[in-house]
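Here's the structure we're looking at; comments come further down.
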Amino acid sequence: MRSLTLSVVLSTFLWGAPIGGVAVLVKNTPITLFEVQQEMKQSGTSAKQSADTLIRKKLEQLEAQEKKITVTSAEINDELNRMASQNNLTMEQFLNAMKTVRGLSEKDLKAKVEETIKGQKLYSAIAFSKMGQPSAEEENEYYQLHLDEFSRPESFDVTTYISSSQEALSMQIADPMRHVENIQTKEENIPFGKINPQLAQILNKIPEGSFSAILPNGQNSFVSFYMRDKQNVVTENIDAVRPQIANAILGEKRNQVLNDYFTRLRLSADIKVLRLP
């Protein structure tokens, strides 16, 4: 009788859980079907890939709890201030830029910053030795392999597509010669130095003859940029960007250590995939 009662309780917990029920159990901690569906929508990945992403995040959360790793509001605010200062923006300008360019509300941005800081603390907790600074040879190699990251034009010649419908923009990008209703277009020359650094970074990564991803423009509509030309491209001297290169290399090494750690942890963790969307 006790066994039957326990079975009923577990069944109620698993299949009657809020927001669509449980998709995955990670060490008896649930990931809901709703969370998987949201990840699929945001990342554009399959149900399995989205579940894998959420399993990794859940393992990180549980590991942080086990190691008593926390992130304070002061740490989050300090990092936001550092990011704003690095981009030569006031905090208000920085938050507006992140909302316009990345579609991130202040709450969403703080959550991502918290996740990043927690990841850095996790690395410090699990690393067996302190990571040394990259050598000059490593920095030179990274620079040569990522020259596009350190090159910038004086201005961008773009055609800007704006619509209240994300679906309409997707149709236009898929078939540029097609006339799609409810889309406004305008040809612009956008000076590199007169836009916020976040937008400049996005534009600089668009290959000539290609569209950007569809972005929220902060005015209840969406925008995509078609890159016609980049005017007077200049590559920064390696010595001017060595600190940036060193940070990028250290970030890659830290991510590799974390990836290896959580890959091993997943192999031994109690993970049950119950059902996927």
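Quick note: residue numbers are just sequence positions, from 1.
Ion pair E75/K121 flagged as a salt bridge, since at least one NZ, NE, NH1 or NH2 atom sits closer than 4.0 Å to an Asp/Glu carboxylate oxygen. With respect to the salt-bridge test (charged N to carboxylate O, under 4.0 angstrom), the residues K110 and E106 qualify. Ionic pairing of K118 and E115 is not present here: no N-O contact between side-chain nitrogen and carboxylate oxygen is shorter than 4.0 angstrom.
Cluster membership check: I76 shares its hydrophobic cluster with M91, using side-chain heavy-atom separations under 4.5 Å among Ile, Leu, Val, Met, Phe, Trp and Tyr. Hydrophobic clustering keeps F94 apart from I202 (ILVMFWY residues linked when any side-chain heavy atoms are closer than 4.5 Å, directly or through intermediates). Using a 4.5 Å cut-off between side-chain heavy atoms of Ile, Leu, Val, Met, Phe, Trp and Tyr, with links allowed through other members, L203 and F192 fall into the same hydrophobic cluster. In terms of hydrophobic clustering, with Ile, Leu, Val, Met, Phe, Trp and Tyr side chains grouped at heavy-atom distances under 4.5 Å, L169 and I162 are assigned to different clusters.
Atom CD1 of I214 sits about 4.0 Å away from atom CD1 of I173, to the nearest 0.5 Å. Distance check: M98 CE to M83 CE gives 5.5 Å after rounding to the nearest 0.5 Å.
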So N140 and E138, side chain to side chain donor-acceptor pair (under 3.5 Å) or not? Walk me through it. CA-CA 5 Å; N140 292 341; E138 286 180 296; over 6 Å; no
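Evaluation of the salt bridge (Lys or Arg N to Asp or Glu O under 4.0 Å) rule for K48 yields D52 as partners, not counting sequence neighbours. The salt bridge (Lys or Arg N to Asp or Glu O under 4.0 Å) search around E167 returns none, not counting sequence neighbours. Residues forming a ring-ring contact (aromatic ring centres under 6.0 Å, His included) with Y142 (at least two apart in sequence, or on another chain): H146.
A donor-acceptor contact shorter than 3.5 Å is absent between the side chain of S210 and the backbone of I206. No side-chain donor-acceptor contact under 3.5 Å links T185 to the backbone of T160. Between the N259 side chain and the N255 main chain, a donor and an acceptor come within less than 3.5 Å of each other. S268 contributes a side-chain N or O that, together with a main-chain N or O of L265, makes up a donor-acceptor pair within less than 3.5 Å. Remark: side-chain polar atoms of R228 are paired, donor with acceptor, to backbone N or O of V158 under 3.5 angstrom. For the pair K67 (side chain) and A125 (backbone), a donor-acceptor distance under 3.5 Å is absent. Of the possible donor and acceptor atoms, one in the side chain of S124 sits under 3.5 Å from a partner among the backbone N and O of Q120.
Annotation: side chain of Q198 is in contact with side chain of Q201 (closest heavy-atom distance under 4.5 Å). Side-chain contact between V36 and L54 is present, with heavy atoms from C-beta onward closer than 4.5 Å.
Closest heavy-atom contact between M40 and S46: CG-O, 3.9 Å.
Under the 3.5 Å distance criterion, with hydrogens and angles disregarded, no donor-acceptor pair is assigned to the side chains of S165 and S163. Checked by atom type, the side-chain pair S151/D148 shows no donor-acceptor distance below 3.5 Å. Side-chain contact check for S155 and N189: at least one donor-acceptor pair (N or O, by modelled atom type) lies under 3.5 Å. Judged by distance alone, the side chains of S164 and S221 never bring a donor and an acceptor atom under 3.5 Å apart. Under 3.5 Å, the side chains of Q93 and N196 contain no donor-acceptor pair of N or O atoms.
Taking the six-membered ring for Trp, Y161 and F222 have ring centres at least 6.0 Å apart. Between F150 and Y143, the ring center distance clears the sub-6.0 Å criterion.
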